[in-house]
Amino acid sequence: MSLLPSPKIPVGVLISGRGSNLQALLDACAEPDYPARIVLVISNKADAYGLQRAEAAGVPSIVISHKDYPDRPQFDAAMTAALEQAGVKLVCLAGFMRILSEGFVTRWENRLINIHPSLLPKFKGTETHRRALEAGETEHGCTVHWVTAELDSGPIILQKPVPVLANDTEDSLAERVLAQEHGCYVSALKIAAESLT
Ligand code: GRF
């Protein structure tokens, strides 16, 4: 039996904005015992605040703008090339606001995870908090799942429920769900990374 610890899985994170989930993953990956390390952050937007978070953590980041490519497959191919060059073995979507092509999802099959702000299979797509309130849900939450060709439908890794309160607004509910997303993503990435070692 080897006493050496398993090597950390090299991870790429795709973002489009604020990057609070990215921050949670950066913090977790800084722990010696955590089974993943972030080797590249890609943003499709140059002004994404998450890029500053990557820089502060000393993690390489690049902007690949979808506007620089004639179509989705070519944009996705540019991201795959950058991820491969960085040696990425597992990709995390963390507030990445572009739909991915089938080619990208196939290339990263069983290597691609996403966080979604609802208890899937409920409320796939956007505006999940508003729809949860309108539906009169008493429980809402977040899900981390493997990404498959069908939007927000791949196998679930982990979910975290959040109670809906009587006086909740879209913003108050979103804030409470987001607070749970961070720990949920950290735990789910650990599970995903360990499944690859
Ligand atoms: C989160 O609510 C996440 O579930 C959704 O987009 C949001 C990203 O937030 N996919 P942040 O950029 O991680 O702060």
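Each ligand, and each atom within it, is numbered from 1 in the order the structure gives. Being a predicted model, the structure only gives us computed values, none of them experimental. These numbers come from the heavy atoms of this one structure, side chains and all, not from hydrogens, waters or symmetry mates.
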Before you tell me yes or no, could you show the steps for L165 and R176 under side-chain contact (heavy atoms from CB on, under 4.5 Å), namely the whole-Å CA-CA distance, both residues' side-chain angles and the distance that decides it to 0.1 Å? CA-CA 10 Å; L165 307 180; R176 219 156 349 93; 3.6 Å; yes
side-chain contact (heavy atoms from CB on, under 4.5 Å) between V11 and C29, intermediate numbers included: CA-CA 10 Å; V11 168; C29 287; 5.8 Å; no
Looking only at heavy atoms of C142, does any of them come nearer than 4.0 Å to an atom of ligand 1? no
Any luck finding a side-chain donor-acceptor pair between H145 and H116 under 3.5 Å? no
Compare V144, L93, N21 and give the one whose heavy atom is closest to atom 13 (O) of ligand 1. N21
Going by the angle between their ring planes, with limits at 30° and 60°, are Y69 and F75 parallel, tilted or perpendicular? tilted
Residue, atom name and distance, where the atom is the protein heavy atom closest to [atom]:
atom                    : answer
atom 10 (N) of ligand 1 : I115 O, 3.2 Å
atom 11 (P) of ligand 1 : S20 N, 3.4 Å
atom 9 (O) of ligand 1  : R18 NH2, 3.0 Å
atom 8 (C) of ligand 1  : G95 CA, 3.6 Å
atom 4 (O) of ligand 1  : E181 OE1, 2.7 Å

Please determine if G19 has a nitrogen or oxygen closer than 3.5 Å to a nitrogen or oxygen of ligand 1. yes
N or O pair under 3.5 Å between N114 and ligand 1: no
Heavy-atom nearest pair, F104 first then M79, reads CE1-CB, 4.1 Å
For the side chain of Q159 and the backbone of L120, is there at least one donor-acceptor N/O pair under 3.5 Å apart? yes
Could you go through the side-chain contact (heavy atoms from CB on, under 4.5 Å) check for L90 and L189 one step at a time? CA-CA 9 Å; L90 179 61; L189 173 57; 3.5 Å; yes
